[in-house]
Amino acid sequence: MNRTRRLRKTENIRRLVRENRLHIDDLIYPLFIEEGKGIENEIPSMPGIKRFSLDTLPKELDEVTKLDIPAVLLFGIPSAKDEIGSETWNDQGVIQQAIRLIKKHYPDLYVITDVCFCEYTSHGHCGIIHDNDVDNDATLVNLAKQVISHAKAGADMVAPSGMMDGMIATIREALDNTGYPNLPVMSYAVKYASAFYGPFRDAADSTPSFGDRRTYQMDPSNRDEGMREAHFDDQEGADILMVKPALSYLDIIRDLKNNFDRPVACYNVSGEYAMVKAAAEKGWIDEKKVMMESLLSMKRAGADIIITYFAKDVARALKE
Ligand code: PBG
């Protein structure tokens, strides 16, 4: 008889046949950095995750580096917004200062910047508004300014998340033409218009003041279109392709893994994090086990890299 249970008998044989593992090397930790002083405010819908100002940030960075997390993904929360998000390319902006601070005091920590406008525009959309919609090509011009400013400040990688058509080609060209041909781009290639971003929008102050993001982010019903999105970004030279959110889109992660010769990242988003934390707080699930199992499912689906608010928790769990 075929007895698959033979290889499950003890922990050591299970270890030998284990196909996927979570490792600290897989993880990127997002950080919210707010303009101001003395800020260290926990985000109510994301227990354990705080907004930091530049002066309170080092304590968090000490922890992150001690836990050996290889990379952080930076989100900025500026004190002033405008119609076009011009603060995103201010060389003295909060993100630019944060990059310089990190690279000075934690030179080995790999710094990735989220490249978008929604936290910086008064209307909360991911670009310039014309006729009640985001103007794709006008937004590309400003995207180039933003990445160059991040590159000048010392970012190790840029990660455009706005789902504008042609964003990767524009960014690649801008970086190549300004002396940054070796700076890699991680594309939020397949990003869905998802309700799982709810807590993030509270955290980053980026809820659109009118409408929604369905004219630029993808329809959750679509799978083939995800391949199309990834295909264009691959052609345009994205170094890493990302799927976002992660848990409800494991099929898309596998599609990218099977069809592209690029590292695949996924973003375990705020709503996914909040659900686990909330159920655990109620005592309805075992937080650590559910965390590890759901992140492992992303690895099994094909993710090489996981961006997750759980990164510190995982690092601690893996050390036990
Ligand atoms: C856009 C951006 C979003 C997230 C990361 N970058 C939100 C959005 O599209 O509204 C969501 C991350 C999360 O939910 O954890 N700059």
Side-chain angles (χ1 to χ4, degrees), residues 18-31 64 67-75 108-116 147 150-151 155-164 166-173 175-176 180-192 218 223-269 272 292 294-311 314-315 318:
R18 190 157 288 152
E19 297 174 37
N20 291 285
R21 284 182 176 79
L22 256 185
H23 196 279
I24 188 72
D25 295 354
D26 306 325
L27 306 179
I28 299 175
Y29 187 54
L31 287 174
V64 167
L67 288 167
D68 204 26
I69 293 168
V72 289
L73 174 63
L74 306 186
F75 292 93
D108 294 333
L109 184 60
Y110 197 82
V111 175
I112 309 170
T113 58
D114 181 82
V115 173
C116 197
V147 288
H150 290 182
D156 293 304
M157 181 185 279
V158 292
S161 63
M163 287 295 280
M164 292 302 116
M167 67 181 185
I168 302 304
T170 300
I171 287 170
R172 187 69 271 156
E173 193 188 320
L175 292 171
D176 290 352
Y180 300 100
N182 295 319
L183 202 118
V185 180
M186 173 163 68
S187 180
Y188 286 69
V190 192
K191 178 175 178 181
Y192 287 89
M218 270 180 55
R223 181 171 175 182
D224 297 343
E225 190 187 359
M227 289 287 288
R228 210 140 70 222
E229 284 285 356
H231 179 71
F232 291 138
D233 286 1
D234 178 54
Q235 277 184 334
E236 290 175 30
D239 298 279
I240 297 176
L241 299 170
M242 191 206 299
V243 175
K244 181 181 171 191
L247 265 189
S248 294
Y249 299 88
L250 297 177
D251 53 335
I252 313 299
I253 296 174
R254 176 46 61 181
D255 281 346
L256 263 56
K257 186 66 183 170
N258 286 349
N259 290 289
F260 295 93
D261 189 16
R262 306 262 190 197
V264 174
C266 68
Y267 199 138
N268 174 222
V269 301
E272 299 170 25
M292 297 303 264
S294 54
L295 294 171
L296 190 60
S297 75
M298 297 165 204
K299 291 287 304 264
R300 200 183 60 240
D304 301 293
I305 299 167
I306 303 173
I307 301 161
T308 181
Y309 304 101
F310 284 119
V314 174
L318 288 174

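Atom set for the values below is all heavy atoms of this structure, side chains included, hydrogens, waters and symmetry mates excluded.
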Would you check if [X] and [Y] make a side-chain contact, meaning some heavy-atom pair closer than 4.5 Å?
X: L247; Y: M298; result: yes
X: L27; Y: T308; result: yes
X: L183; Y: V185; result: no
X: S294; Y: E272; result: no
X: S187; Y: E229; result: no
X: L175; Y: V158; result: yes

How long is the gap from [atom1] on [X] to [atom2] on [Y], to the nearest 0.5 Å?
X: D233; Y: I171; atom1: CG; atom2: CD1; answer: 9.5 Å
X: C266; Y: M242; atom1: SG; atom2: CE; answer: 9.0 Å
X: I306; Y: S297; atom1: CD1; atom2: OG; answer: 8.0 Å
X: Y29; Y: Y309; atom1: OH; atom2: OH; answer: 9.5 Å
X: I252; Y: M227; atom1: CD1; atom2: CE; answer: 9.5 Å
X: D304; Y: K257; atom1: CG; atom2: NZ; answer: 3.5 Å

Can you give me the closest heavy-atom contact between [X] and [Y], atom names plus distance?
X: A265; Y: I240; value: CB-CG2, 3.9 Å
X: A301; Y: L250; value: CB-O, 3.7 Å
X: G302; Y: V264; value: O-CB, 4.0 Å
X: F310; Y: L295; value: CB-CD1, 4.2 Å
X: I168; Y: A238; value: CG2-N, 3.5 Å
X: L109; Y: P70; value: CD1-O, 3.7 Å

According to side chain to side chain donor-acceptor pair (under 3.5 Å), who are the partners of [X], at least two apart in sequence or on a separate chain?
X: S161; value: D114
X: R223; value: D255
X: E19; value: none

By side-chain contact (heavy atoms from CB on, under 4.5 Å) - contacts of [X] (at least two apart):
X: I28; result: A71, L73, I112, M186, I305, I307
X: E225; result: M218, N222, R228
X: R18; result: E11, R14, R15, R21
X: M292; result: L22, V314, A317, L318

Original post:
Can you name the residues that form a salt bridge (Lys or Arg N to Asp or Glu O under 4.0 Å) with R254, not counting sequence neighbours?
Top reply: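 None.
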Subject >> salt bridge (Lys or Arg N to Asp or Glu O under 4.0 Å) against R172, all qualifying residues, sequence neighbours excluded >> reply: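 With neighbours one apart ignored, the set is D176, D239.
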**OP:** Return each pair, listed once, that meets salt bridge (Lys or Arg N to Asp or Glu O under 4.0 Å) where at least one residue sits in residues 259-269; pairs must be two or more places apart or across chains.
**Re:**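 Listed once each, the pairs are D234-R262.
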**OP:** May I ask you to check whether over 12 heavy atoms, not counting those of D224, lie within 6.0 Å of atom CG?
**Re:**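 Count not over threshold, so no.
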Subject >> For Y249, ring pair (Phe, Tyr, Trp, His ring centres under 6.0 Å) partners two or more places apart >> reply: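 Here the qualifying residues are Y192.
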**OP:** Could you list the residues that satisfy ring pair (Phe, Tyr, Trp, His ring centres under 6.0 Å) with Y188, not counting sequence neighbours?
**Re:**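 Y188 satisfies ring pair (Phe, Tyr, Trp, His ring centres under 6.0 Å) with no residue once adjacent residues are dropped.
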